[in-house]
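Written out below as structure tokens is the structure these notes cover.
In what follows, every chain begins at residue 1, and chains take the letters A, B, ... in the order their sequences are listed. Computed from a predicted structure; not experimentally measured.
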There are 2 protein chains.
Amino acid sequence: MNKYSKQTRFLLAVDCIIFGFDGESLKLLLIKRGFNPEKDKWSLMGGFVQDSESLDQAANRILKQLTGLEGVYLEQMYSFGETTRDPIERTISVSYFALIDIHKYEQQISSEFHAEWVPLERIPKLIFDHQDMVEMARGRIKYKAALHPILFELLPSRFTLPQLQNLYESVFNTSIDKRNFSKRVLATGLLIKLTDKDKAGSKRGAYYYQLDKDKYYANFQAFVNIIPNPDSLQN
Amino acid sequence: MNKYSKQTRFLLAVDCIIFGFDGESLKLLLIKRGFNPEKDKWSLMGGFVQDSESLDQAANRILKQLTGLEGVYLEQMYSFGETTRDPIERTISVSYFALIDIHKYEQQISSEFHAEWVPLERIPKLIFDHQDMVEMARGRIKYKAALHPILFELLPSRFTLPQLQNLYESVFNTSIDKRNFSKRVLATGLLIKLTDKDKAGSKRGAYYYQLDKDKYYANFQAFVNIIPNPDSLQN
DNA sequence: ACAAAAGTGTTTCGAATACACCCATGT
DNA sequence: ACATGGGTGTATTCGAAACACTTTTGT
């Protein structure tokens, strides 16, 4: 007995907006499609939802397919359902955004996706409505990062304050006084100062810090406003 | 030529979490299902997405079906896609939350939905995962209202400061000093003081205010934090 | 006259900001 | 010795919070 038999069924896709940070600038992981439609055009990584999996599972599967990574920060963003967004057949796309430590990214064996890290300032034209998704994701990461400590997900487990500040400055496209920055960020109580230094960036070296995971998970919901004058935030 | 022919298609629903405020408490508009499955159980208002409409259009249609209202505040919230969330057939639900002026609500002719306004403290058991949707919506309205002036959508076009304060106190389940409240809320510059008073609530009467629509739309994205200590916010 | 709700102002406190010098080290 | 980036403290400002009395009017 199928009570819903008169209803239309739809294709369902998941598309991932994958952020990474290389110490210089914020980047997205894009692929060059190796298949039709829109072969050889740039696109977000995505795939169809399978019969047996939830949306979250689909997103995790697709992320792993491309990056080899599991257990990364992944959050559902928005569902796109314009009737003509996919010219071949109507498809609803549930978009997810992911934050990964760019250094953990492993080129997958097949490299069948021709993935590339592209700085946000140089995103090429993308297929379908993927541009809109990227726009929304840029707004969302700013919005959320202004209030919650999510940007740590983009850094390796040990990082320095100058690195962290660079990251915030990239995301918000602003510059921050380093004295005030360190005060605010240390005042969260989320950071543990380590005893050794990163000598890569300077002669003197900068102390490594790591996240206090317990406090991180406990305080994640709390407002942690690190950005001065967080005005022009989207959404 | 259908390149996607091997993929599974899914039922797609839209479910609406509809908030209203009657001056006393925050309420949800729920329906008692008049059809199977789960006939006579409480549920959110929802419906299947049609072939010809976008997700937003579907949500607006469903909202209008129940309330008779158009042009109300309606925002996509989250998509629920657990494989077994609907026992009859797998259905993905895109949830929307709506804020409406409860006084504009018109019982629709058919009253085929047996709708009722239910205070948030007395939400009955709901079908499927609608409980989860309501929980998420409660978190979301707090979160967003702590930062943006969305609660005006719940009030009539003319309202008094005591009414507005009641609303904030209901949503955040707290009490606010009325002197500080009026300072903060007037400091936003979003309110226009009218010359006449609402004599219903008291002998002296309270001045009516209305939203400065232009400033409202212009400043919507800006942070407008009216709530003291907005800590325990979800999401 | 009094009860009930509306309206209003000042002081205090804490957080955010602006701002400048010394330190460590590789060259 | 010097150039480069790392690290730290204080004074000021501004906004948030605490707090109490007067006004109006229907009864």
Just how far, in rounded Å, is [atom2] of [N] from [atom1] of [X]?
X	N	atom1	atom2	answer
A:Leu191	D:dG7	CG	P	12 Å
B:Phe159	C:dA6	CZ	C1'	16 Å
B:Asp196	C:dA6	CG	P	16 Å
B:Arg184	C:dG9	CZ	C1'	16 Å
B:Asp198	C:dA5	CG	C1'	12 Å
A:Leu194	D:dG7	CG	P	12 Å
A:Gln165	D:dG6	CD	P	9 Å
B:Ile176	D:dA16	CD1	C1'	13 Å

Checklist entry - Start at the 5' end of DNA chain C and walk down; is the nucleotide closest to B:Ser202 or to A:Ser202 reached first? => result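 It is B:Ser202, whose closest nucleotide lies nearer the 5' terminus.
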
Item to check | Aromatic ring proximity, centroids under 6.0 angstrom, B:Tyr209 and B:Tyr207 | outcome: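 No, ring centres 6.0 Å or more apart.
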
Checklist entry - Are the aromatic rings of A:Phe159 and A:Tyr208 close, with centres under 6.0 Å apart? => result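 Ring centres of A:Tyr208 and A:Phe159 not closer than 6.0 Å.
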
Checklist entry - Passes side-chain contact (heavy atoms from CB on, under 4.5 Å), B:Ile17 versus B:Leu29? Steps please. => result CA-CA 7 Å; B:Ile17 299 100; B:Leu29 190 54; over 6 Å; no

Item to check | Backbone N/O of A:Pro162 and side chain of A:Gln165: donor-acceptor pair under 3.5 Å | outcome: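 Such a contact is absent between A:Gln165 side chain and A:Pro162 backbone.
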
Checklist entry - Should the pair A:Phe97 and A:Phe19 be assigned to parallel (<30°), tilted (30 to 60°) or perpendicular (>60°) ring geometry? => result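 Perpendicular: the ring planes of A:Phe97 and A:Phe19 meet at over 60°.
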
Checklist entry - In a check of side-chain contact (heavy atoms from CB on, under 4.5 Å) between B:Lys142 and each of B:Asn173, B:Leu147, B:Val171, which one passes? => result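 Exactly one pass, corresponding to B:Val171.
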
Next on the checklist: I'd like to know if B:Asp40 pairs up with B:Arg33 as an ion pair, taking the criterion as any Lys NZ or Arg NE/NH1/NH2 lying under 4.0 Å from an Asp or Glu carboxylate oxygen.
Outcome noted: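 A salt bridge is absent here (no side-chain N lies under 4.0 Å from a carboxylate O).
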
Checklist entry - If you take all heavy atoms of B:Ser79 and A:Gln76, which pair is closest and at what distance? => result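 Answer, listing the atom of B:Ser79 first, then A:Gln76: N-NE2, 2.7 Å.
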
Taking N or O atoms only and anything under 3.5 Å, show me the protein contacts with nucleotides 23-25 of chain D, one pair per line.
unit_1	atom_1	unit_2	atom_2	d
D:dT23	O2	B:Arg204	NH1	2.5

Checklist entry - Which residue pairs satisfy the salt bridge (Lys or Arg N to Asp or Glu O under 4.0 Å) criterion with at least one member in residues 151-166 of chain A, sequence neighbours excluded? => result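 Qualifying pairs, neighbours excluded: A:Arg158-A:Asp196.
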
Checklist outcome for this item: Per-nucleotide protein contact along nucleotides 8-13 of chain D, 5' to 3', at a 4.0 Å heavy-atom cut-off (B base, S sugar-phosphate only, - neither), is BBB---

